[in-house]
Protein chains: 2
Amino acid sequence: MIMLKKIMLKKRGICTKTMNKSDLKLIAVLERTGGFASAQELHQILRREGDGIGLTTVYRALQSLVDDKIVDLLRREDGEAIYRLCGDTHHHHLVCKSCGDTVEIEGGAIEKWAKTMAEEFGFRDVGHTAEIFGICSKC
Amino acid sequence: MIMLKKIMLKKRGICTKTMNKSDLKLIAVLERTGGFASAQELHQILRREGDGIGLTTVYRALQSLVDDKIVDLLRREDGEAIYRLCGDTHHHHLVCKSCGDTVEIEGGAIEKWAKTMAEEFGFRDVGHTAEIFGICSKC
DNA sequence: TTGGAAATGATAATCATTTCCATTTTTGTG
DNA sequence: CACAAAAATGGAAATGATTATCATTTCCAA
């Protein structure tokens with residue numbers, strides 16, 4: 001199955017030459033779950049699936065994927081590091097402050113805004129975060 | 001001198017009614033140093049100046065200032081929280097992932113987007129967060 | 001003055017992340 | 001295949017920021 005992943009990565013245009021098994025495992029999980037996940041969460045998912053991978057290895061693999069620009073490193077509000085595959089089309093969230101209900105929404109306007117602003121100030125390699133929170137109709 | 005600070009705060013349009021001494025001390029330091037500082041750094045500065053304030057109190061004061069939207073909470077690349085006085089207008093940030101340099105930017109597009117999305121899904125009382133991060137021209 | 005609420009700060013606990021290091025796995029080579 | 005060197009692995013301990021606990025102190029209105 002690792003070979004399968006390698007083929008998928010090639011399709012994505014990612015060079016697998018310098019990757020080891022752990023790197024590929026992490027990529028596989030990130031691919032499957034979509035969106036963001038912290039190192040701890042990724043570790044738990046792998047463990048739950050019967051993989052005996054160690055937490056240290058998860059951190060190491062993520063670090064190397066970030067170095068190779070295969071994975072993006074962001075921060076949750078509390079400072080915890082979260083990771084996602086680069087180039088994923090990502091979505092934003094509309095969160096109810098009362099019941100916690102969450103809706104995934106499109107952010108085309110945001111993408112454009114981020115790009116424009118980054119250009120204006122000479123920033124490159126830009127990413128962004130955006131969230132809307134309020135009270136949903138049920139609450 | 002606390003009275004002096006209170007006057008300055010009033011000029012800035014900040015209500016001091018709910019503030020205690022620690023809050024004011026933190027505001028004073030942030031005002032003096034400009035820029036960003038972490039809780040640990042702010043604590044050290046105060047200690048160096050002979051103030052016996054405890055680390056716990058520094059964290060508590062900063063938290064309450066953030067809640068009151070008097071202070072902005074951002075993150076350094078390593079996830080450490082850094083604080084600075086808010087400007088008076090609602091703005092967003094363009095942050096350099098490498099050097100931490102920050103530009104305040106306009107977010108008219110975001111305001112509109114947030115409002116539209118909230119309406120579409122029947123949310124009320126909405127607020128939002130949005131940040132752009134990348135590598136600045138100097139780095 | 002006094003009683004209770006709020007504030008304070010030392011200490012301990014928590015939690016993500018790193019460091020260390022001994023062990024296992026992989027790889028290249030004859 | 002054998003085997004040594006290199007790379008990868010993972011458990012345990014260390015680190016460092018942040019938060020929780022709790023006894024003590026300060027503040028303030030009656």
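In the text below, chain A, chain B and the rest are named by the order of the sequence lines, each starting its count at 1.
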Measure [atom1]/[X] against [atom2]/[N] and give the value in whole Å, please.
X: R76(A); N: dA17(D); atom1: CZ; atom2: C1'; answer: 17 Å
X: Q44(B); N: dT18(D); atom1: CD; atom2: P; answer: 13 Å
X: L62(B); N: dA7(C); atom1: CG; atom2: P; answer: 15 Å
X: M19(A); N: dT26(C); atom1: CE; atom2: P; answer: 18 Å

Checking D72(B) against V66(B) for the side-chain contact (heavy atoms from CB on, under 4.5 Å) test, could you report, in this order, the C-alpha distance in whole Å, the side-chain angles of both residues, the deciding distance, and whether it holds? CA-CA 6 Å; D72(B) 267 342; V66(B) 168; over 6 Å; no
E41(B) and Y83(B) side chains, donor-acceptor separation under 3.5 Å: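 No, no side-chain donor-acceptor pair sits under 3.5 Å.
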In chain order, what residues pass the side chain to side chain donor-acceptor pair (under 3.5 Å) check against E119(A), with sequence neighbours excluded? none
Run the side-chain contact (heavy atoms from CB on, under 4.5 Å) test against T56(B) and tell me which residues pass, sequence neighbours left out.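 Expected list: R60(B).
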For the pair H92(B) and H128(B), name the ring-plane relationship: parallel under 30°, tilted 30 to 60°, perpendicular over 60°. parallel
Would you sort out whether R47(A) and H43(A) count as a side-chain contact (heavy atoms from CB on, under 4.5 Å), showing the intermediate values? CA-CA 6 Å; R47(A) 280 295 178 106; H43(A) 180 236; 3.5 Å; yes
5' to 3', nucleotides 8-18 of chain C under a 4.0 Å protein heavy-atom cut-off (B base, S sugar-phosphate only, - none) gives BBBB----SBB
